[in-house]
Amino acid sequence: MREGSRAALRLAEGAALRDVIDTSDPSAWLWLDEGVRTDEWYFAPYAVPAWEETPSGLSLAAALHAAGPLTEGQLALALCHRDGRIRYRALGRVAGRPALLPLVVVRCADWAEPVRERARKRLAEALDAETAARLAPLVRRLADRHRGDHALGLLGEVLRQAPGERLAPLLASPDRPVRRFAYGLAVEEGLLSAVELARAAAGDDDAVVQTLCGEAALAAVGDEDAEEVLGALLGARSPRARSAGVTALRRLGRPEQAIGFLADRSALVRACARYVVRQYGTDPLPWYRDRCADPGDPALPPGAAIGLAECGTRADAGLLWPLLDHPAPGVRAKAVAGLRMLDVTDVPRMLRLLDDPAPGVVGEATLALLPSAGLLPEAWLAERLAAGRPRWVRVSAYRLLDARGGVVRLRAAVALLTDADERLRARAELTVRWTRPWGADDEVAELLARARSHLGRGAPDPAQDS
């Protein structure tokens, strides 16, 4: 808003529109539209003459009515004016002024019906394939506003009638909503081949585009382009794209390729792979059991350990426990996650993993131990709060002590009030500030008094009793 107000001031002083805002940025037009109506500049004495007077000496409203000469900057201010009558008249002067089309788009969602209808007529007259591509980011952003969908409908109509290559800039746009809109049109109109859709699903970083293009690629794939489509999807970094490729293996009758994805790093892909092999009469559980049978196998993928838990039984915990000593941190972490999934927890065996050199293993062990936090040795955990320990070990120890509640939680929090780790210290401060004194415990009173010496008035008062 403040940027828009400053832009309005500069326009009122006679600056050129292109020198005031970044005309390629949709946000800049919205800021200007809002900024023109702010009191911050509207009633400024030095701004009003430039705003209200034209070189001919007429007021802006009179100049609009009399077809007097107006600059792009003055018309831009008029298009954003508080008075709907001025906005309406300004729309009659935008023909041949392509630089002002973004404000015509904004007025298409105007609250005043006469203004809104005139803006929509002007946009329909001016919109072609080239301007549609240029205005798409702003149109798509305004589509989420009340009455903002009309311009989006016009945009879609123009682009549907335009040559397919006109969509290319929109398909590569850095604006995600624009890419979603463009790929939606491309899929609806059948403008992209199955291979192109598969490559889009594999290459785009937006989940909506990945899903849309992946599903469309599967619907369009045939025997002649199956290899290229599968190559793009199965080799993608995105789990959604890989899962689409694995699902396609069922339709193409290639379940043997799905076996290679039973140990994928993504749970979604593993689930799709199990579905495919089951559809062809193969139970994936024996495969997982066989794969995890050798706890020293250096080539064991982490996905095999968690995959075993995903479709196994509690009896399969016997294959996962030895994997806690596997040389690969990923395997150890997934083995812990698998044991937690099977609801199998041995506190002493899990507790030693809090000293594991891999942060991922410590994090999984912490999650497994949280339900048993009350059984854990407080002094042993408190030792791991020491500043010399790795940060992930300290965070884990604090989470488990905090889960104990009561005076144990308070002891751990007060011990970290002067810690050098900003995030740990902030979390400890929050815990202390939300603590309410209880009972007549001398230790609690002493801890809160220590906290008050660090936090001042923000600390609870030991004299209070909730």
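Numbering of residues begins at 1 and proceeds along the displayed sequence. Source: prediction; values computed, not measured.
- Taking each heavy atom of Ala201 and Ala241 in turn, the nearest pair found is O-CB, 3.6 Å.
- A side-chain donor-acceptor contact under 3.5 Å links Ser243 to the backbone of Pro239.
- With a 4.5 Å cut-off on side-chain heavy atoms, Asp316 and Leu285 count as touching.
- Side-chain contact between Phe261 and Leu234: present, with at least one pair of heavy atoms (C-beta onward) separated by less than 4.5 Å.
- Here the closest non-hydrogen pair linking Ala15 and Val20 is CB-CG2, 3.6 Å.
- Inspection of the Arg270 and Tyr275 side chains reveals no N or O donor paired with an N or O acceptor under 3.5 Å.
- For the pair Val276 and Gln257, the minimum side-chain heavy-atom distance is 4.5 Å or more.
- Looking only at side-chain heavy atoms (C-beta outward), Leu154 and His150 come within less than 4.5 Å of each other.
- Annotation: the span from Leu308 atom CG to Leu342 atom CG amounts to 7.0 Å, rounded to 0.5 Å.
- The cationic atom of Arg384 (NZ for Lys, CZ for Arg) lies less than 6.0 Å from the six-membered ring centre of Trp380 and within 45° of the ring axis.
- In this structure, the separation between CD on Glu189 and CD on Gln161 is 9.5 Å, given to the nearest 0.5 Å.
- The closest donor-acceptor contact from the side chain of Ser173 to the backbone of Pro169 lies at 3.5 Å or more, if one exists at all.
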Under 3.5 Å donor-acceptor pairs involving side-chain atoms of residues 209-217, not counting sequence neighbours:
{"residue": "Gln210", "atom": "OE1", "partner": "Ser238", "partner atom": "OG", "Å": "2.7"}
{"residue": "Gln210", "atom": "NE2", "partner": "Asp204", "partner atom": "O", "Å": "2.8"}
{"residue": "Thr211", "atom": "OG1", "partner": "Ala207", "partner atom": "O", "Å": "3.0"}

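- Without hydrogens or angle criteria, Asp225 side chain to Glu228 main chain gives no donor-acceptor distance under 3.5 Å.
- For the atom pair Ile21 CD1 and Leu30 CG, the distance stands at 10.0 Å (nearest 0.5 Å).
- Within 6.0 Å of the CZ atom in Arg140, the count of heavy atoms belonging to other residues, nucleotides or ligands exceeds 12.
- Other residues, nucleotides and ligands contribute over 12 non-hydrogen atoms within 6.0 Å of the CZ atom of Arg349.
- A donor-acceptor pair is defined here as one N or O able to donate and one able to accept, closer than 3.5 Å; no such pair exists between the side chain of Arg250 and the backbone of Gln279.
- With hydrogens and angles disregarded, no donor-acceptor distance shorter than 3.5 Å links the side chain of Asp25 to the backbone of Asp22.
- Considering only heavy atoms from C-beta on, Leu417 stays 4.5 Å or farther from Arg425 through its side chain.
- Here the side chain of His326 pairs a donor or acceptor atom with the backbone of Asp297 at under 3.5 angstrom.
- Here Leu401 contributes atom CG and Leu381 contributes atom CG; the two are 4.5 Å apart, rounded to the nearest 0.5 Å.
- For CD of Glu130, the number of neighbouring non-hydrogen atoms (other residues, nucleotides, ligands) closer than 6.0 Å is 12 at most.
- Note on residues 405-415: pairs passing salt bridge (Lys or Arg N to Asp or Glu O under 4.0 Å), not counting sequence neighbours, are Glu378-Arg411, Asp402-Arg409, Arg411-Glu443.
- Interatomic distance, CG of Leu185 versus CG of Leu170, reported as 8.5 Å (0.5 Å rounding).
- Between Arg394 and Asp419 there is a salt bridge, since a side-chain N of the basic residue sits under 4.0 Å from a carboxylate O of the acidic one.
- Without hydrogens or angle criteria, Arg120 side chain to Val104 main chain gives no donor-acceptor distance under 3.5 Å.
- Side-chain atoms of Arg240 and Ser266 form no donor-acceptor pair, as typed in the model, at a separation below 3.5 Å.
- Residue Asp205 places its CG atom among more than 12 non-hydrogen atoms of other residues, nucleotides or ligands, all under 6.0 Å distant.
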| query | Between Arg452 and Glu429, does a salt bridge (charged side-chain N to carboxylate O under 4.0 Å, His left out) hold up when you go through it step by step? | reply | CA-CA 11 Å; Arg452 213 168 57 258; Glu429 288 179 2; over 6 Å; no
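- Contact annotation: the side chain of Arg242 approaches that of Arg265 to within less than 4.5 Å [non-hydrogen atoms, C-beta and beyond].
- Separating the CH2 atom in Trp29 from the CG atom in Leu142 is a distance of 12.5 Å, to the nearest 0.5 Å.
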Tabulate below the donor-acceptor pairs under 3.5 Å that side-chain atoms of residues 357-373 make, not counting sequence neighbours, or state none.
{"residue": "Glu364", "atom": "OE1", "partner": "Arg340", "partner atom": "NH2", "Å": "3.2"}
{"residue": "Thr366", "atom": "OG1", "partner": "Val362", "partner atom": "O", "Å": "2.7"}
{"residue": "Thr366", "atom": "OG1", "partner": "Ser396", "partner atom": "OG", "Å": "2.5"}

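- Here the closest heavy-atom approach between residue Ala335 and residue Leu324 is recorded as CB-CD2, 4.0 Å.
- Leu103 is listed as a side-chain neighbour of Cys80, based on a closest heavy-atom distance under 4.5 Å.
- Taking a cutoff of 4.0 Å between a charged side-chain nitrogen and a carboxylate oxygen, Asp206 and Arg180 qualify as a salt bridge.
- Applying the 6.0 Å contact sphere to CZ of Arg352 captures more than 12 heavy atoms from other residues, nucleotides or ligands.
- Counting only heavy atoms from C-beta outward, the side chains of Val221 and Leu197 never approach each other to under 4.5 Å.
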